[in-house]
Amino acid sequence: METGSAALFGPLAGARLPRHVAVIMDGNGRWATRQGRERTQGHARGVESLRAVVRTCRKLEIPYLTVYAFSLENWNRPRPEVELLLRLLRRVLKNETAKLDKYEIRLTAIGDRERLPADVRELLAGVEAQTRNHRAMTLVIALSYSSRDEIVRAARRLAERACAGELAPAAIDERLFAAHLDTAGIPDPDLLIRTSGEQRLSNYLLWQAAYAELYLTPVLWPDFGEAELVAALAEYARRERRFGRTGEQLHATAATGGEEG
């Protein structure tokens with residue numbers, strides 16, 4: 001680890017880090033407006049922040065990072081902005097694969113990828129295939145994603161299986177339902193970060209984030225880097241995660257060497 005990074009990570013020494021961090025990367029357009037630039041430049045600068053966060057999570061050995069890159073609702077934005085976002089996505093998929101390989105990062109995507117252009121789907125599938133055996137870290141990109149849409153699709157698949165006689169409705173529980181979500185096989189996020197000062201989930205990981213710690217910061221995404229992520233992780237480490245239990249129960253469990261839950 002570089003000397004500068006070691007000093008920056010000082011507040012995290014011995015800290016309990018999340019296994020899975022989810023991020024709503026918000027504020028690119030506002031950043032550009034405040035800088036007197038085109039919105040497109042804000043999105044381009046946001047890619048640099050994404051690189052910094054991925055790099056930092058990898059250094060800290062955080063196994064899972066999920067980022068909200070493009071929502072299903074984002075298709076309603078002005079066409080030039082949508083085209084720019086797709087161009088940026090193509091560039092990232094083409095240019096970052098070597099780094100994913102170098103640092104053994106697996107990339108996967110969640111969302112309704114059928115809405116994506118054919119060439120983007122092909123690029124995405126290629127990167128997923130090339131990195132599928134990497135185990136150091138998993139980077140999940142939410143593309144054309146809507147949590148409500150994901151939940152409806154999961155419910156539809158379960159209903160189809162029940163109608164086909166493959167399973168009894170009484171057999172459907174939380175575990176089985178989660179196995180039909182886009183995030184099947186990925187642990188729920190422990191920490192969900194939203195930048196730009198907004199205080200809502202915006203249809204993001206509604207099922208998975210049921211017990212996630214929320215960290216809301218006024219920092220706009222293009223200004224969010226390694227130091228800001230460390231601050232979020234330090235705040236997470238200070239929180240007591242009770243999962244419905246009392247503080248006394250939690251401390252008693254910890255004293256006997258039990259798991260948090």
Sub-3.5 Å donor-acceptor pair from the side chain of [X] to the main-chain atoms of [Y], do we have one?
X      : Y      : result
Glu96  : Leu93  : no
Arg121 : Leu116 : yes
Asn74  : Ser71  : yes
Thr131 : His134 : no
Glu226 : Thr56  : no
Thr217 : Val219 : yes
Thr183 : Ile186 : no
Thr66  : Ala22  : no
Asn203 : Ser147 : yes
Asp190 : His20  : yes

Under 4.0 Å between a side-chain nitrogen and a carboxylate oxygen: does that hold for [X] and [Y]?
X      : Y      : result
Glu198 : Arg30  : yes
Arg241 : Glu213 : yes
Arg51  : Glu48  : yes
Arg238 : Glu235 : yes
Asp112 : Arg153 : no
Arg79  : Glu83  : yes

For the residue pair [X] and [Y], establish whether any side-chain heavy-atom pair is separated by less than 4.5 Å.
X      : Y      : answer
Met137 : Val54  : yes
Thr195 : Ile24  : no
Arg113 : Ser144 : no
Ser196 : Trp221 : no

Side-chain H-bond candidate by donor/acceptor type, Tyr236 with Arg16, under 3.5 Å
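There is such a pair (donor and acceptor under 3.5 Å, judged by atom type) between the side chains of Tyr236 and Arg16.
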Side-chain donor-acceptor pair present, Glu81, His43, cut-off under 3.5 Å:
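Checked: Glu81/His43 side chains pair up, N/O donor to acceptor below 3.5 Å.
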Partners passing ring pair (Phe, Tyr, Trp, His ring centres under 6.0 Å) against Tyr103 (at least two apart in sequence or in another chain)
none
At what distance, to the nearest 0.5 angstrom, does CD1 of Ile110 lie from CG of Leu205?
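It comes to 5.5 Å.
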Can you tell me how far apart CG (Leu214) and CD (Gln199) are? Round to the nearest 0.5 Å.
10.0 Å
My understanding is that only one of Val23, Ile105, Val140 makes a side-chain contact (heavy atoms from CB on, under 4.5 Å) with Leu65; could you say which?
Val23
Check this for me: Arg37, atom CZ, are more than 12 non-hydrogen atoms of other residues, nucleotides or ligands nearer than 6.0 Å?
yes
On the 0 to 90° scale, with breaks at 30° and 60°, tag the Tyr68-Tyr145 ring pair as parallel, tilted or perpendicular.
perpendicular
Test of understanding: clusters of I, L, V, M, F, W, Y form through side-chain heavy atoms closer than 4.5 Å, transitively. Do Val82 and Leu143 belong to the same one?
yes
